[in-house]
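Worksheet for the structure shown next.
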Amino acid sequence: MNMKGSSSRHGLAILFIALQFSSILAYPPFHRERNMEYVKSSCNSTAYPRLCYRSLSVYASKINTSPRLLVHTALNVTLRASKSTSRLLVTVSRIHGLEPRVVAAMADCVEVIGDSVDELQQSIGELGRISSSNFSLTMSDVQTWVSAALTDEDTCMDGFAGNNMNGYAKTVVRKRIVKIAHLTSNALALINNYASTQS
Ligand SMILES: *[C@@H]1O[C@H](CO)[C@@H](O)[C@H](O)[C@H]1NC(C)=O
Ligand SMILES: *[C@@H]1O[C@H](CO)[C@@H](O)[C@H](O)[C@H]1NC(C)=O
Ligand SMILES: *[C@@H]1O[C@H](CO)[C@@H](O)[C@H](O)[C@H]1NC(C)=O
């Protein structure tokens, strides 16, 4: 029996275990911290940084400091919120007894928010082609789709200005429209950042 070989084998085993421990103990928290910091500093450049951080930090580990995944996640979150708001608009617009001007404003909103959902979907489709196509050309298409979605949301919000809408419809819907407009504005800021880093 070779004592020297055995002790060096022990040494290796201990080193191996130590490495396992260091990767279990040190790396995940380190990455979590780094990923959270990446989302936070990226959100810093948006118009609504707190909303940005609140909506994206739960995906920090998936985003993992990739600007493409950050943008994709921001668009996914915005699309999901827009779809749900679009469904709410349809429901509220069918409430009986709304004033005619409210009915008209709601009908406009149903249409333009429906358009903005389509445009967000188009932008996500374009982003998916980014690795196989001309980066700056594709990013410019993504920017165009997301800007169009933002314009549609603004158009809907204009319907809430002044006394066009009152009461229930206004209370329930306005907050949601403002939120998706802010999410869209944030997504556009992140897209603009991504576009400018690569050109
Ligand atoms: C966010 O921006 C402010 C100044 O605009 C800066 O002081 C702060 O350090 C930034 N935070 C992060 C996380 O980048
Ligand atoms: C975006 O949403 C799609 C469809 O739900 C999903 O397959 C994809 O993984 C999401 N991407 C990111 C980066 O979250
Ligand atoms: C991408 O398209 C732009 C605008 O048409 C052009 O200037 C640029 O050279 C293209 N880049 C590549 C890598 O093809």
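As the structure lists them, so they are numbered: ligands from 1, and atoms in each ligand from 1. Index from 1, following the sequence. A quick note: this is a predicted structure, and the numbers were derived from the prediction, not measured. Every heavy atom of this structure was used, including side-chain atoms; hydrogens, water molecules and symmetry mates were not.
- Side-chain atoms of Asn186 and Thr184 include no donor-acceptor pair closer than 3.5 Å.
- Taking the six-membered ring where tryptophan is involved, the planes of Tyr194 and Phe135 are perpendicular, since the angle between them exceeds 60° and thus also 30°.
- Close contacts of ligand 3 with Leu137, meaning ligand atoms under 4.0 Å from a residue heavy atom, involve 2 (O), 4 (C), 5 (O).
- Polar contact with ligand 3: present for Asn134 (N/O pair, distance under 3.5 Å).
- Not one N or O on the side chain of Ser45 forms a donor-acceptor pair closer than 3.5 Å with the backbone of Ser41.
- The side-chain heavy atoms of Glu119 and Leu150, taken from C-beta on, include no pair separated by under 4.5 Å.
- Side-chain contact annotation: Ser82 with Ser116, donor-acceptor N/O pair under 3.5 Å absent.
- More than 12 heavy atoms of other shown residues, nucleotides or ligands fall within 6.0 angstrom of atom CZ in Arg176.
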List ligand 2's nitrogen or oxygen atoms that come under 3.5 Å of a protein nitrogen or oxygen, with the partner atom and distance.
unit_1, atom_1, unit_2, atom_2, d
ligand 2, 2 (O), Asn76, OD1, 3.2
ligand 2, 2 (O), Asn76, ND2, 2.3
ligand 2, 11 (N), Asn76, ND2, 2.9
ligand 2, 14 (O), Lys62, NZ, 3.3
ligand 2, 14 (O), Asn76, ND2, 3.2

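- Salt-bridge annotation for Arg34 and Glu37: absent, with no side-chain N of the basic residue lying under 4.0 Å from a carboxylate O of the acidic one.
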